[in-house]
Amino acid sequence: MKTSSAGSAIPARRKMPVAADKAPVVIARANSEKSARTTPAAAIEKKVPEHRAKSSTSKAADESGTTKLFVLDTNVLMHDPTSLFRFEEHDIYLPMITLEELDDHKKGMSEVARNARQVSRSLDALVGDIDHHAIEKGIPLSKLGNKDAKGHLYFQTKLHVNELPRGLPQGKADNQILGVVQALEQEFPGRPVVLVSKDINMRIKARALGLPAEDYFNDHVLEDSDLLYSGIVQLPDDFWNRHGKGIETWQENKNGLSSTFYRITGPVIPSLLVNQFVYLEPKNGEASFYGQVRQINGKTAVLQTLRDYGHVKHSVWGITSRNREQNFALNLLMDPECDFVTLLGQAGTGKTLLALAAGLAQVLESKTYNEIIVTRVTVPVGEDIGFLPGTEEEKMSPWMGAFDDNLEVLNKSDNDAGDWGRAATQDLIRSKIKIKSLNFMRGRTFVNKFLIIDEAQNLTPKQMKTLVTRAGPGTKIICLGNIAQIDTPYLTEGSSGLTYVVDRFKGWAHSGHVTLARGERSRLADHASEIL
């Protein structure tokens, strides 16, 4: 066994043969399996992209069944503090400069500082009762109870001298990590050594030097945003012919509304989820069917007909749905049994307007909730304009322009009241809407509140968990966002907190999701979103 000048005895290990459907990939196994269970196999084969940036070294190791040695950049640990335990049977190597950078970033109250401290605590627990010689041999990552982490953790315990190209300054941290990767490759020519970094330029430099480098994908809920749960499914044209035998129908009055229920058995049922919307629009002139899945038991499901919010007599605070998806969304927003609603959609699909109208109707008319609370991530699109004066609400008001615009639309719908009446209504509405900052949410509990989280695509999964767990008795949470407009660094469509909750909450009896497809803002906005 060789001992690396980079600092540890790292033998190459052969991996046990695995089935084809469990080929080693650097992605959270639980999430990928969960997606596979709820998505038809054919759709996955068709849609999963092949451009996932795997190095040739990784591909060769996967084919030969050899475990890899991943050298982690500091930004991976600060992005996901649990990344140490997410590489399955592969080994992890931490250069000394990575520990130095963790130490530099541990101070403060930012998300990065908290993550750096969490990583440091995990490393301390791993090395706490181990002597120097055992550290050189590698520390089992499963020591702290993480059974999926079957590899070992290695630290750089000795200084190495390695010649990098003259154009690269020797003192820079990135270049020192590249030097460690190069040294490990030279010391262990039979072992696949791969650099993992969230820094694009770092990966480019590594590949320019002939070193294998990859992005960190373990935090991705889905490999492709096209596989994200839409909350809506179109039934096949022959649905009633194949599922019409032994059908049961009955009517129930719930919350003052009469609904028709169908108990249906057939082959399509196992692919459906609770609270998913189904529709059938025959082209032969027959009546369309719009329903929501209420129960599933094997091949039997209970479907409930929807309320038509497109009709004026069912308008919500003067607002009617303009398309099928908006009608589905209003059915979720107005359902007192649905505690958690997520709405995805491009600009102009009506997410904010629908949520605000439903909130006002249930706070001021039915009094189901006693207040609307609005919050959003304060990530600027361009240059920051500096400190903002005033109270918490006054500081947040520049970020809440979208809600002011929608309130103006909702107030204009009251034509009979006149200017004085509209002004009085506006003051009443303002008194029932509170604007809060995300920075002060930790430790709070909201009781009987209608909580709207706008621009939720800019939240990390951890921030989203912090917000959703604020819900007390009688509180409804609505998350709005467009995963194509992410402004937070290091977040992508696959790793956004909004994508995370949509995937994790699907199928729960008290949550619902709708992806709004059609823009209703104006013909100019619709045309711009298509061609620009």
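- A distance of 5.0 Å separates OG in Ser495 from NE2 in His79, rounded to the nearest 0.5 Å.
- In terms of heavy-atom proximity, Val119 sits nearest to Pro81 at CG2-CA, 3.6 Å.
- Aromatic rings from Phe505 and Tyr500 are positioned such that their centres are separated by 6.0 Å or more.
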Determine, stepwise, if the pair Asp80 / Thr82 fulfils side chain to side chain donor-acceptor pair (under 3.5 Å).
CA-CA 5 Å; Asp80 180 7; Thr82 63; 2.7 Å; yes
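- Within 6.0 Å of atom CG in Asp237, 12 or fewer heavy atoms from other residues, nucleotides or ligands are found, so the atom counts as exposed in its surroundings.
- Note: Phe87 and Tyr216 have tilted aromatic rings, judged against thresholds of 30 and 60 degrees for the angle between ring planes.
- A salt bridge links Glu371 with Lys434; the closest basic N to acidic carboxylate O contact falls under 4.0 Å.
- The minimum heavy-atom distance linking Val341 with Leu343 is given by the pair CG1-CD2, 4.0 Å.
- A 6.0 Å sphere centred on CG of Asn297 holds no more than 12 heavy atoms belonging to other residues, nucleotides or ligands.
- Looking at every heavy atom in both residues, Gln457 comes nearest to Leu480 through OE1-O, 4.3 Å.
- Annotation: salt bridge (Lys or Arg N to Asp or Glu O under 4.0 Å) contacts involving residues 295-304, sequence neighbours excluded, are absent.
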Under the side chain to side chain donor-acceptor pair (under 3.5 Å) rule, what do Ser259 and Glu252 come out as? Steps first, then yes or no, please.
CA-CA 6 Å; Ser259 298; Glu252 284 183 19; over 6 Å; no
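- Looking only at distances, no side-chain donor or acceptor of Ser315 sits under 3.5 Å from a matching main-chain atom of Thr320.
- Relative to the six-membered ring of Tyr290, Arg324 misses at least one condition, a distance below 6.0 Å or an angle of at most 45° to the axis.
- Across Val514 and Ile232, no two heavy atoms sit closer than the pair CG1-CD1, 3.9 Å.
- Between Trp508 and His510, the angle of the ring planes goes over 60°, which puts this pair in the perpendicular group of the 30/60° scheme.
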Run the side chain to side chain donor-acceptor pair (under 3.5 Å) test on Trp250 and Glu248 for me, step by step, so that the C-alpha distance in whole Å, both residues' side-chain angles and the decisive distance to 0.1 Å come before the verdict.
CA-CA 7 Å; Trp250 69 95; Glu248 295 178 42; over 6 Å; no
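- Residue Ala456 comes nearest to Cys479 through the heavy atom pair CB-CB, 4.2 Å, listed as atom of the first residue, atom of the second, then distance.
- For the atom pair His513 NE2 and Gln276 CD, the distance stands at 10.0 Å (nearest 0.5 Å).
- Within a 6.0 Å sphere centred on NZ of Lys465, heavy atoms belonging to other residues, nucleotides or ligands number 12 at most.
- Within the structure, the side-chain hydrogen bond (donor to acceptor under 3.5 Å, both in side chains) test picks out the following pairs touching residues 326-340 (sequence neighbours left out): Arg294-Asp335.
- Taking the ring pair (Phe, Tyr, Trp, His ring centres under 6.0 Å) definition, one finds that Phe446 meets it with nothing, sequence neighbours left out.
- In terms of heavy atoms, Ile269 sits closest to Gly298 at CG2-O, 4.0 Å.
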